[in-house]
Amino acid sequence: MKKLKHLLQSNWFYVLLILLCSGYCFYFTKIIKYHSKYNENTTSLEGKIISYTIDGDKLSLLLKNKEKIKVTYTIKSKEEKEKLQDELKIGATLALQGKKGEITPVTIPNTFNYEKYLYNNQIYFTFFAEKIRIKEDKIALGDQLKNRFIKRIKELDNNPYLSAFILGDKTSIDEQEFETITSNGISHLFALSGMHISLIYLILEKLLKKVKRKKGIIYCFLIAYLILTGMSVSFLRALLFMFLLDLNKLLNWNLSKIKILLLTSFLLILKNPFYVYHSGFWFTFIVTFSLLYCNEEIRNANKIISMLKVSFITFSFSLPISIYMNYEFNLLAILNNVLFVPLVSTLIFPLALFTFFFPIALPLFKLSMILLNRLNEISLAFSISIVVGKIEILEILFYYIFLLLLIKRKNKKYGLILIIFCLLIYNKNKWDASYHVYYLDVGQGDATLLISPYRKEVLLIDTGGKINYSKEEWQKRNKEFDLTKNLSLFFKSLRIKQIDLLVLSHGGI
């Protein structure tokens, strides 16, 4: 045990750990190529439901049999939709007939790559179902419990925000509302993480204060809740980190919290090396690291100043990841977090838990969500969105080196270097002396983007698009694929803020 303690306390052990993790991830995600066990001509299959969503006339399923299978099905009538809403359950076995699904390749650079997303989530086969039959198989106990939670939320007006806060399922939230939340930089508040675990832990500790071995009971409850909510990486990180902190104290390892965080990341990567391709993995670890690394700067301030410092520090550390994902950031996210974090952590999330067990509080919860959405809209009206464009991994690495040096050395010259470096990244596209021509598949034909040297002129020929046919109310989807959003995202990746000349070669239909 002493040898293990000395090993865990050694700084060189963590350097070696980082190198081993890097090699492990590279080998198991890049060297090894994974393929589906199903063949191209598969016309029927069975699988247990891992998750499902019904959006308008579209049913999306994730099944598990020999492997995970992504299934889509177009609902044929209002009556069929109501039947599926009543009968579909997590853990139920489905018999499907149809054909292998086709994944549309990325037609616009620097936008969402669905094929890559599936691969990184270890889904190697998609299926387009034409017929669905629910088999009378026994559902596992854990899945029965999750179905009871889902049924409970349906009974509470099927409130999408209750589903988000209780089960971590954000798919039912209105698309425009969630875009507002994302634009304000507070979408992390809707992901089950350390904030939620801490509150649940505190509630259970109060309820079980006279019970012996209460900590074991609390961990059993939290593990069950983790499984129930789909084992999100942020929740898993928070729970594992909390467990290692307790183990560190129990076994007297005397490890710093940063070393425990590194051990947590190692164990998660060991479980699934594909976590390194999940934005949630990086956000949860970087934000936690920033708070631990800057603990002294936060601790010595009064409450209001401390909140501002926490928000500024987490914003500074998560900034490169936000830009890498979205090519832009909201400068007011710093103030938004000061407002929304206490609101969600001290009012809305506790109220969601209370409402789940005591439905009488539902009107109050709905009122709190109206308040949250209204504040979101106001914040968005005053947002300061700064488009940076696509940044490279090496640029992110240099940013963190300068940021850590600034915090550690507390020398203004590193702050100056960091500012200059950020300005260079921000303006790098303006110094490009080359002509650029992009041919973009935008649905009905192609669009052509021409960029002159030094960004003096940006010319777009045609815009593309797809015809949206009228649908009945039950068929209308909350989340429709919008090609113009992809086009807008592509422009942001190139840091194009405006088109100088738009040429339309023909009219629309």
Side-chain angles (χ1 to χ4, degrees), residues 55 103-117 170-171 173-187 279 318-333 336 376-377 379-392 425-430 432 435-452 455-468 476-509:
D55 185 11
I103 300 172
T104 306
V106 178
T107 58
I108 301 176
N110 304 334
T111 56
F112 180 65
N113 188 326
Y114 185 56
E115 186 176 13
K116 192 174 181 181
Y117 165 81
K170 303 181 284 290
T171 55
I173 297 176
D174 180 78
E175 189 174 16
Q176 285 188 330
E177 286 180 10
F178 200 73
E179 278 182 9
T180 304
I181 290 164
T182 304
S183 299
N184 283 329
I186 58 166
S187 59
S279 59
S318 62
L319 180 62
I321 309 300
S322 296
I323 295 171
Y324 187 80
M325 299 297 299
N326 305 307
Y327 311 122
E328 65 177 339
F329 67 93
N330 182 2
L331 193 58
L332 286 188
N336 288 340
N376 259 320
E377 290 168 6
S379 297
L380 188 64
F382 293 96
S383 66
I384 303 172
S385 182
I386 298 174
V387 178
V388 178
K390 187 178 180 180
I391 57 174
E392 306 298 332
I425 292 173
Y426 182 71
N427 290 289
K428 65 180 180 180
N429 289 324
K430 290 184 178 181
D432 189 348
Y435 283 96
H436 292 276
V437 180
Y438 297 91
Y439 297 100
L440 309 169
D441 181 353
V442 286
Q444 291 178 303
D446 293 334
T448 306
L449 181 70
L450 298 97
I451 304 171
S452 68
R455 294 296 175 88
K456 289 182 179 178
E457 289 180 315
V458 177
L459 169 68
L460 180 65
I461 303 173
D462 293 330
T463 57
K466 290 185 178 180
I467 300 170
N468 287 321
K476 291 179 181 177
R477 299 177 187 177
N478 181 37
K479 295 180 181 178
E480 288 275 13
F481 174 73
D482 188 349
L483 203 76
T484 57
K485 289 180 182 177
N486 262 5
L487 204 57
S488 175
L489 190 63
F490 172 63
F491 290 156
K492 286 177 183 178
S493 75
L494 300 179
R495 202 175 162 249
I496 294 172
K497 295 182 179 179
Q498 66 177 39
I499 304 297
D500 297 302
L501 184 62
L502 174 63
V503 178
L504 298 177
S505 63
H506 57 278
I509 296 173

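Given the structure is predicted, the values throughout are model-derived calculations rather than measurements.
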Practice problem: Would you give the length of the straight line joining atom CG of Leu450 to atom NE2 of His436, rounded to the nearest 0.5 angstrom? | Solution: 11.5 Å

Self-check item: Minimum side-chain heavy-atom gap Val458-Phe491 below 4.5 Å
Solution: no

Quiz item: Does any non-hydrogen side-chain atom of Val106 lie less than 4.5 Å from one of Thr111?
Solution: yes

Quiz item: Which pair of heavy atoms, one from Tyr426 and one from Val387, lies closest together, and at what distance?
Solution: CE1-O, 3.3 Å

Exercise. Using modelled atom types only, decide if a donor and an acceptor are shared between the side chain of Thr448 and the backbone of Ile461 within a distance under 3.5 Å.
Key: no

Quiz item: When rounded to the nearest 0.5 angstrom, what is the spacing between OG in Ser385 and NZ in Lys497?
Solution: 9.0 Å

Quiz item: Please walk me through it: do Asn110 and Leu489 pass side-chain contact (heavy atoms from CB on, under 4.5 Å)?
Solution: CA-CA 8 Å; Asn110 304 334; Leu489 190 63; over 6 Å; no

Quiz prompt | Ile499 CD1 to Leu460 CG distance, which is reported to the nearest 0.5 Å | solution = 5.0 Å

Exercise. Write down the atom of Leu380, the atom of Ser183, and the distance for their closest heavy-atom approach.
Key: CD1-CB, 3.5 Å

Quiz item: Going from CD1 on Ile181 to CD on Glu377, what distance comes out if it is rounded to the nearest 0.5 angstrom?
Solution: 10.5 Å

Quiz item: Got a donor-acceptor contact below 3.5 angstrom from the Asn336 side chain to the Asn184 backbone?
Solution: yes

Exercise. Can you see which heavy atom on Ser452 is nearest to which on Glu457, and at what distance?
Key: OG-N, 2.8 Å

Practice problem: List in chain and number order the residues that pass salt bridge (Lys or Arg N to Asp or Glu O under 4.0 Å) with Glu392, two or more places apart in sequence or in another chain; answer none if no residue qualifies. | Solution: none

Quiz item: Excluding sequence neighbours, so at least two apart, what forms side-chain contact (heavy atoms from CB on, under 4.5 Å) with Glu115?
Solution: Ile103, Asn113

Quiz prompt | Value rounded to 0.5 Å, distance of NZ in Lys390 from CG in Asn429 | solution = 11.0 Å

Exercise. Would you name the heavy atoms of Leu319 and Phe329 that are closest together and state the gap between them?
Key: CD1-CG, 3.5 Å

Self-check item: Derivation and outcome, side-chain contact (heavy atoms from CB on, under 4.5 Å), residues Leu494 and Leu449
Solution: CA-CA 11 Å; Leu494 300 179; Leu449 181 70; 4.0 Å; yes

Exercise. Kindly say whether Leu332 contributes a backbone atom to a donor-acceptor pair with the side chain of Asn330 at under 3.5 angstrom?
Key: yes

Exercise. Say whether Arg495 and Tyr327, considering side chains only, have a donor N or O and an acceptor N or O under 3.5 Å apart.
Key: no

Quiz prompt | Pair Asp441, Thr107: side-chain N/O donor-acceptor within cut-off below 3.5 Å | solution = no

Quiz prompt | Mutual orientation of the aromatic rings belonging to Tyr114 and Phe112 [parallel < 30°, tilted 30-60°, perpendicular > 60°] | solution = tilted

Practice problem: To the nearest 0.5 Å, tell me how far Thr180 OG1 sits from Asn376 CG. | Solution: 6.5 Å

